[in-house]
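Notes follow once the structure below has been shown.
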Amino acid sequence: MKIAIGCDHIVTDIKDEMVRYLEAQGHEVIDCGTYDLERTHYPIYGRRVAEQVVTNEAERGVVICGTGVGITTSANKVQGVRAPLVRDVTTARMAREQLDANVIGIGGRITGLGLMQEIVDVFLNTPFVETDESKQLIASVDALASTSRGLDGDEIFDEFLEKWETGCYVD
Amino acid sequence: MKIAIGCDHIVTDIKDEMVRYLEAQGHEVIDCGTYDLERTHYPIYGRRVAEQVVTNEAERGVVICGTGVGITTSANKVQGVRAPLVRDVTTARMAREQLDANVIGIGGRITGLGLMQEIVDVFLNTPFVETDESKQLIASVDALASTSRGLDGDEIFDEFLEKWETGCYVD
Amino acid sequence: MKVALSADKASEGRKQVIIDHVKGLGHEIVDYSGDDIVAAIVRVTNAVRDEEVARGILLDSFGSLSYMVAAKQSGIVCAQVSDEHSAKMTRDHNNSTIIAMGTEVIGDTLAREIVSAFLGAEYSGGRHQIRVDMLNKLA
Amino acid sequence: MKVALSADKASEGRKQVIIDHVKGLGHEIVDYSGDDIVAAIVRVTNAVRDEEVARGILLDSFGSLSYMVAAKQSGIVCAQVSDEHSAKMTRDHNNSTIIAMGTEVIGDTLAREIVSAFLGAEYSGGRHQIRVDMLNKLA
């Protein structure tokens with residue numbers, strides 16, 4: 001399977017481990033970054049993974065940040081993405097069966113690597129179970145985020161990165 | 001606080017991170033090993049941590065292996081240890097309040113480092129709430145493992161290590 | 001503070017646990033649940049965006065549907081959580097104003113503790129705001 | 001296979017969920033619960049050690065009491081679990097024959113899935129046996 005993966009700088013090492021794990025299983029991985037430990041911003045990578053999935057460049061996406069909330073929410077803000085954020089195998093399985101989830105979010109500072117690998121295994125291997133109810137729910141979800149600028153490219157974030165460079169975002 | 005810590009070779013890096021975290025908070029850490037990635041056996045380190053705690057060399061213990069089951073069970077087999085194995089903050093808090101837990105077990109391949117640190121914070125900072133019921137439960141637990149060889153030293157495992165060296169344990 | 005709630009039919013028992021807990025913490029709770037779960041979630045996100053309420057709590061069997069629907073709403077940061085640390089950190093770092101929880105995954109006391117952690121934590125702003133601005137730009 | 005069960009009073013509802021699930025998986029389940037929770041746990045560990053049953057499941061509010069009591073029994077390897085991966089891996093690596101779960105922490109479906117993972121996994125022995133031998137030496 002072709003899988004897009006993304007992370008922020010808090011969990012780059014964990015993402016790299018996941019890339020090795022997926023490739024060892026024979027999957028083709030599109031690594032959307034980040035690639036090092038330099039401070040960056042999760043929506044950049046969540047959007048990139050989402051774009052790969054909704055344009056069918058990748059069949060599924062995996063996104064990881066500290067709690068998973070930031071990067072998974074950025075992926076969900078792209079129309080057509082259905083991304084649960086999970087800490088157990090069961091939620092991953094049910095999101096595939098009931099909601100045909102196409103991206104999975106995990107918190108790298110919340111969930112350990114062994115559990116994470118099993119979550120991803122089940123996410124990749126569980127088929128969608130189509131029912132009238134599930135089709136209707138998915139249609140409702142996909143109709144949302146109609147104002148999404150998820151396919152407008154990395155450039156949509158430039159205005160904020162310029163403000164960042166000029167020191168507008170300080171602790 | 002004086003804290004004994006132990007792990008197996010699967011999670012040495014995570015234990016080392018936890019040692020740094022605890023020392024940065026001003027705790028004194030007795031690192032019972034293991035110290036590197038060479039294959040070893042969790043009961044050695046679970047027993048050592050348990051011994052530090054029940055002989056009052058350390059006030060509390062922290063044990064980590066892959067799932068946490070092996071090393072936490074070895075600590076519990078030492079009389080006087082009360083060690084929950086947790087994946088959430090609430091269970092750690094309640095085990096302090098209700099059972100005066102003196103060792104905490106966590107799975108390094110199950111739980112991420114951020115959640116792990118909060119679990120340990122709460123484990124160290126939550127006081128025991130003494131009630132008639134809790135005193136009675138603790139007395140029941142402490143009466144168990146009366147045949148424990150937990151204070152007989154590392155040597156009790158020598159017979160198995162000899163068998164290991166001669167290749168009696170093969171996959 | 002004022003807290004909005006939505007729950008699916010299967011989470012009726014958990015809903016009562018959460019209502020009692022939120023009230024016990026001294027907050028007001030408004031129940032937006034209804035037959036159409038997606039519509040109920042959107043009512044909660046609208047109430048949060050319009051500042052009729054300060055926070056939202058979404059309950060369904062696994063939390064995923066509630067999370068996806070809320071996360072897709074413009075200007076909303078929602079967190080799907082099953083642990084107390086995430087509930088706290090997502091306030092601090094993401095300025096999440098809504099959490100989604102799975103009734104079939106989490107027990108009563110853990111659910112209460114997650115709510116306490118979420119309602120008790122504040123956003124720290126600063127460098128984190130660029131990421132929230134980026135989320136809001138996406139949708 | 002035959003599975004032994006103990007539950008505290010607060011876990012009565014969860015106990016029924018587990019009984020139904022274990023039976024649904026085609027196994028026999030024997031309820032050892034009683035007024036004295038510690039005594040009930042020991043009855044389960046004895047049944048496992050005497051091979052009257054193949055596995056044990058222990059339920060109480062947080063799982064910690066059941067776990068400590070079972071782990072201290074001679075020749076018993078018990079696992080306190082709240083996720084499916086641990087339930088599987090602890091069979092594979094530790095030859096655990098008993099699991100302890102916290103009713104207030106885990107939801108119904110996650111509890112069922114943990115039981116399925118635990119009952120469906122086998123011990124792989126080999127290098128892992130030295131550690132189990134060491135555990136049994138301790139108590």
Side-chain angles (χ1 to χ4, degrees), chain B residues 3 11 14-15 17-18 20-22 24-25 27 60 62-64 66-69 72 82 84-101 104-129 131 133-134 137, chain C residues 11 13-22 24-25 57 59 61-64 67 77 79-96 99-124 126-128 131-132:
Chain B
I3 300 161
V11 293
I14 294 170
K15 182 265 293 173
E17 284 257 28
M18 187 59 73
R20 283 191 289 273
Y21 178 76
L22 291 169
Q25 289 185 313
H27 296 295
R60 301 274 168 80
V62 176
V63 290
I64 313 170
T67 61
V69 175
T72 315
R82 293 178 302 278
L85 167 55
V86 314
R87 191 174 78 100
D88 62 276
V89 177
T90 301
T91 301
R93 177 180 292 115
M94 298 311 287
R96 281 292 308 140
E97 288 186 2
Q98 300 180 334
L99 298 168
D100 198 12
I104 192 135
I106 312 173
R109 284 181 58 82
I110 302 301
T111 301
L113 198 61
L115 178 53
M116 198 180 291
Q117 289 168 345
E118 178 147 354
I119 287 169
V120 170
D121 285 346
V122 166
F123 169 69
L124 296 178
N125 295 321
T126 302
F128 170 50
V129 180
T131 65
E133 197 196 348
S134 64
L137 275 178
Chain C
S11 304
R14 176 62 49 78
K15 190 174 83 172
Q16 282 308 320
V17 167
I18 297 299
I19 288 174
D20 293 346
H21 183 65
V22 171
L25 292 171
I57 299 171
L59 306 173
S61 292
F62 297 96
S64 302
Y67 170 55
V77 184
Q80 183 174 5
V81 294
S82 65
D83 75 281
E84 316 85 336
H85 187 63
S86 293
K88 184 173 84 170
M89 294 308 290
T90 194
R91 281 289 306 135
D92 185 346
H93 286 185
N94 309 116
N95 199 18
S96 294
I99 50 171
M101 292 189 286
T103 304
E104 292 293 323
V105 172
I106 306 173
D108 283 345
T109 299
L110 181 54
R112 277 188 289 255
E113 292 293 313
I114 287 170
V115 167
S116 294
F118 176 64
L119 297 182
E122 281 309 325
Y123 178 46
S124 65
R127 71 180 188 280
H128 300 294
R131 294 130 194 184
V132 177

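Since this is a predicted model, take the numbers as computed values, not measurements. When reading the values below, keep in mind they use all heavy atoms of this one structure, side chains included, and skip hydrogens, waters and symmetry mates.
- Taking CG of C/Asp83 as the start and CZ of B/Arg87 as the end, the distance is 8.5 Å to the nearest 0.5 Å.
- A donor-acceptor pair is defined here as one N or O able to donate and one able to accept, closer than 3.5 Å; no such pair exists between the side chain of C/Glu84 and the backbone of B/Asp88.
- Taking the side chain as every heavy atom from C-beta outward, B/Val89 and C/Glu113 never approach each other to under 4.5 Å.
- When C/Met89, C/Lys88, C/Arg112 are compared by the number of non-hydrogen pairs under 4.5 Å with chain B, C/Lys88 comes out ahead.
- Residue B/Arg93 touches chain C through its side chain alone, counting heavy-atom pairs closer than 4.5 Å.
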